[in-house]
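Below is one structure, written out as structure tokens; the observations come after it.
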Amino acid sequence: MTLDKNFDAARAEAEILARWLEAGAFRAGANASRDETFCIMIPPPNVTGSLHVGHAFNNTLQDILVRWHRMRGFDTLWQPGTDHAGIATQLAVEKELARTGNLSRREMGREKFLEKVWEWKEQSGGTIVEQLKRLGASCDWDREAFTMSGNFPDAVMKVFVDLYNKGLIYRGKRLVNWDPHFETAISDLEVENVEVQGHMWHFKYPLAGGETYEYVEKDLDGNVTLRETRDYIAIATTRPETMLGDGAVAVHPSDERYAPIVGKLVHLPLCDRLIPIITDEYPDPLFGSGAVKITGAHDFNDYAVAMRNGIELYRLMDTRGVMRADAAADNLVPEQYRGLDRFEARKLVVADIDALGLMDFVEDKKIMQPFGDRSKVVIEPMLTDQWYVDAKTLAGPALAAVKSGEVAILPERDKKVYYHWLENIEPWCISRQLWWGHQVPVWYGPKLKRDFLGIISGTTSVSMDETNLHEVFCAPSEADVIAQATKFYEDQGVRVKVVFAGDADVQRDGQIDRAKAALNNAKEGFIEITLFRDPDVLDTWFSSGLWPIGTLGWPDNTPELQKYYPTSVLVTGFDILFFWVARMMMMQLEVVKQVPFHTVYLHALVRDEKGVKMSKSLGNVLDPLELIDEFGADALRFTLTSMAALGGTLKLSRERIAGYRNFGTKLWNAARFAEMNGCVAGAVGVPKAEATVNRWIIGETARVREVVDKAFTEYRFNEAALALYAHVWGKVCDWYVELAKPLLQGEDERYKTETQGVMAWVLDQCLILLHPVMPFITEELWGQTGARSKMLVHGDWPTYGAELADGEADAEMGWVIGLIEGIRSVRAEMHVNAGAKVPLVALGLDAVALARLERNRVLIGRLARVERFEFASVAPKGAVTLPVEGGAFCLPLADVIDVSGELARLVKTLAKLEGELNGLKGKTANVNFMSRAPEEVVAQIVERIAEGDEEAAKIRAAMARLQALR
RNA sequence: GGGUGAUUAGCUCAGUUGGUAGAGCGCUUCGUUUACACCGAAGAUGUCGGCGGUUCGAGCCCGUCAUCACCCACCA
């Protein structure tokens with residue numbers, strides 16, 4: 001059977017993948033021959049997502065590490081799985097519902113909606129997994145995990161409850177980042193601050209009761225620059241609509257301009273309210289007017305000021321960012337603004353202020369505006385009840401683990417970023433007003449009125465405390481919460497029966513009404529207590545933060561957990577260092593008191609060829625599946641690998657992928673050549689060789705193995721790819737195959753057999769070493785070129801090294817290759833017809849050079865197209881001279897060469913050489929250099945000068961001969 | 001405002017303890033030498049952003065400036 005002319009990636013990839021899967025080649029522990037484990041957790045992609053180039057890159061790197069370790073006999077697990085991705089998935093399903101004319105989420109209700117999400121997940125959830133398989137990702141697919149299935153929800157619930165019981169999770173009413181589109185709170189990290197063109201409006205707030213004061217402005221030297229009587233205080237704002245919720249105007253305590261009116265009241269325009277002028281450290285006297293309106297419920301800074309000074313908070317908007325129109329807001333939002341979108345309200349407020357003559361002036365200004373990272377709408381600070389994690393406490397161990405070196409972060413510089421974030425961490429808001437996710441395991445029950453407790457006797461009625469509405473029960477399951485609540489109430493002397501009544505309601509203003517927690521009066525000796533569950537779900541990152549232990553079966557102490565935890569390395573993009581990496585560190589360290597992994601390798605983000613982030617809206621997305629269809633998975637993988645330098649960004653282009661597709665073809669054809677020349681693979685062990693070329697290529701192979709291993713060890717994937725490329729194409733294909741041809745096709749059976757064996761071995765080594773990067777084509781060739789005891793995916797990674805290097809062979813091949821290149825170069829430059837065979841004259845060769853020539857004259861003759869060899873002591877007329885180590889060669893080209901052309905060539909060569917030599921000689925003449933530079937360096941330079949001088953002398957001699965010819 | 005990184009051949013980028021620069025693509029010339037035209041051979045191209053400094057020696061270390069990118073941040 002002869003190999004086809006090209007590798008048919010589309011056909012072979014599907015077949016090979018099926019064979020791997022069928023053989024269970026990727027299962028945990030497959031091919032393990034030692035006790036050491038190697039485990040990687042896949043960064044779980046969104047369950048309903050599809051593969052983009054970033055995934056392809058990320059998973060290629062992981063697959064390389066995994067395949068490499070598996071071939072080296074490590075007990076290897078690559079744990080796959082997907083993330084439920086709360087907001088993203090809920091959004092996708094809502095869109096789908098709208099598109100297909102279904103009821104909306106709210107119309108169908110929570111239970112029904114969640115059914116739809118699960119349907120959607122079943123339907124589209126397998127896509128990305130199949131795509132990862134096409135990439136060649138060798139995950140243990142039998143262990144595929146999902147953050148909403150199996151033990152995972154239990155793990156999440158248990159962690160929530162444990163943290164709650166330790167006081168590390170708590171509920172708080174405070175300002176959060178509110179997304180008016182999704183109508184949920186989001187964390188700081190999900191907010192993107194973007195600079196936009198905005199305005200700053202300067203308003204005049206009149207003093208109450210028509211009071212006036214003398215306003216005096218001074219320059220830095222204390223000279224008065226302005227003095228006038230004012231009946232107002234000027235404030236500036238970028239968000240005029242929030243003025244309706246102002247609770248005060250603040251000035252800096254040192255600001256003399258306003259000292260006369262501190263403590264007085266101003267009349268808030270448009271609202272029938274008086275608010276005080278207070279002092280606080282927050283206002284900057286040098287910025288704007290120096291006076292700041294304080295809207296505690298709609299601005300984070302103002303909130304802090306309001307808290308410090310006991311200023312009232314007025315919440316102006318509902319969950320959609322619409323000015324409140326509910327009854328409670330009757331006295332707050334003036335009628336004309338109610339029900340208006342916040343941006344509409346802004347226009348109206350500005351117009352109304354202007355109409356009142358209170359508009360001081362307006363300026364254009366670039367402002368930083370917060371946007372939701374998924375919704376892309378302007379985020380509104382909102383006062384709501386949310387669940388928080390005490391991140392500061394959890395951050396301590398996460399910081400220590402990296403500082404101590406227990407966990408390494410690569411590239412090193414990202415450590416600083418990690419430190420900075422953890423050292424300044426804020427409480428983590430983990431509750432989301434969504435439906436798709438892990439529902440908070442908290443139930444609310446009625447708070448019993450203490451007055452009654454004393455008289456409860458089992459038949460007496462009990463009432464609720466209407467002023468303090470609920471008791472909180474946090475437990476991992478309904479059964480547990482029943483037990484907990486029953487005990488709680490019975491401890492108060494009440495016999496109860498606990499029932500559930502669904503979730504507490506979320507009203508449109510975002511306040512959870514827990515008053516529905518209820519109780520019925522005594523029946524048959526007990527009281528019925530109704531519990532309502534907190535409707536919120538947890539931030540997706542709360543659950544994915546438990547990915548390492550959760551996928552291994554925690555909270556059960558499974559064999560996998562014992563064996564593979566802590567995992568080895570986390571491979572991910574630096575964009576989720578905070579979102580995910582830091583959270584995993586914090587949570588794993590808190591929950592199991594052990595780091596989740598020992599190394600974090602942060603790779604670049606993939607951009608398009610112009611360096612722009614790929615996005616659907618820009619239309620610059622390269623679809624990895626299309627690239628795989630066109631070029632094959634291996635070409636894509638090799639390309640990504642070759643560009644995986646530590647840090648930075650990765651710009652992907654189709655041309656480059658095509659180039660590496662060609663590399664695969666090159667390898668394929670080298671194998672094809674070997675096959676056509678009777679090189680049968682499959683022999684075990686490093687072959688013994690006598691021929692110089694064979695000894696040389698064996699050494700080269702050992703060298704590249706060392707380079708590749710070192711590069712993988714240091715996560716320098718691009719260096720491994722580069723070394724393999726240079727070896728396979730530059731050494732094996734360009735030289736070894738060519739040099740081997742005379743031996744393979746010659747008469748000496750001994751050399752022929754030896755070379756067949758060596759070539760088969762060399763190509764096998766190429767396949768093995770390339771396999772982690774290019775698994776498909778190498779597996780295919782492995783199968784087609786010999787009888788194998790096992791698939792290449794379980795091939796034995798070699799351990800040979802320097803002991804296979806043969807200095808003598810290296811030197812000789814270097815000499816031969818140099819000569820051949822020299823001859824080719826001269827021929828090309830002299831425009832000697834490529835087909836023309838010329839004689840080569842050896843000139844004054846020493847014994848070593850002579851022996852080298854004799855051993856390799858067939859090779860040289862063939863590769864340099866030399867017809868015959870002659871020996872002379874004097875260079876023939878009209879010859880071109882090639883200096884070599886131990887002598888020189890001449891090409892007599894008198895009738896073909898252009899003498900002045902050759903002279904020009906020599907002049908150029910000599911000039912270059914002399915430039916180099918002069919530099920080096922300058923150094924040796926420098927006393928400082930000679931006395932301070934290391935001996936090795938000096939010796940090297942001296943040697944190079946000697947060589948160079950010799951070479952220059954030969955060139956000069958050749959020039960003299962040519963001169964004589966003219 | 002703080003921080004980080006980048007600036008090297010026409011393009012995209014490597015360059016790991018400082019020893020006078022590399023790859024891929026592109027470009028030029030030549031080539032049906034039966035593995036491969038997704039190929040082969042030969043070739044051209046860089047004051048390594050500017051300016052200073054340390055050093056025998058700097059793309060690499062230090063300072064500074066310029067331009068760009070990204071991250072973080074509450075200036076109304």
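First the proteins, then the strands, lettered A, B, ... as listed; each starts at 1. Only a predicted model underlies this, so the values are computations on that prediction, with no experimental measurement involved.
- A donor-acceptor pair is defined here as one N or O able to donate and one able to accept, closer than 3.5 Å; no such pair exists between the side chain of E675(A) and the backbone of T785(A).
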Taking only nitrogen or oxygen atoms into account, show me every contact under 3.5 Å that the protein makes with nucleotides 26-28 of chain B, one pair per line with its distance.
none

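- For A35(B), the base has a donor-acceptor partner in the side chain of E738(A) [N/O atoms by modelled type, under 3.5 angstrom].
- For H420(A) and C71(B), the NE2 to P distance is 15 Å, given to the nearest whole Å.
- For R672(A) against C36(B), a side-chain-to-base donor-acceptor contact under 3.5 Å is absent.
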Pull out every protein N or O sitting under 3.5 Å from an N or O of nucleotides 41-45 of chain B, one pair per line with the distance.
from	atom 1	to	atom 2	distance (Å)
A42(B)	O3'	S825(A)	OG	3.4
G43(B)	OP1	S825(A)	OG	3.0

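- If you check every strand for non-hydrogen atoms under 4.0 Å, Y282(A) touches a base.
- Between Y660(A) and F663(A), the ring planes lie perpendicular to each other; the angle is over 60°, past the 30° to 60° tilted range.
- Distance CD1 (I278(A)) to C1' (A76(B)): 13 Å, rounded to an integer number of Å.
- For C71(B), the OP1/OP2 oxygens have no side-chain nitrogen or oxygen of K416(A) closer than 4.0 Å.
- Residue-level contact check: K365(A) touches the backbone only, with heavy atoms under 4.0 Å from sugar-phosphate atoms and none from bases.
- Applying the 4.0 Å criterion to OP1 and OP2 of U4(B), one finds that K415(A) has every side-chain N and O outside that range.
- Among the atoms of the strands shown, none is found under 4.0 Å from any heavy atom of G632(A).
- Regarding D8(A), its CG atom lies at a distance of 16 Å from the P atom of C38(B), rounded to whole Å.
- Distances shorter than 4.0 Å separate none of the side-chain N or O atoms of N301(A) from OP1 or OP2 on C75(B).
- Counting non-hydrogen atoms under 4.0 angstrom, F300(A) reaches nothing in the nucleic acid.
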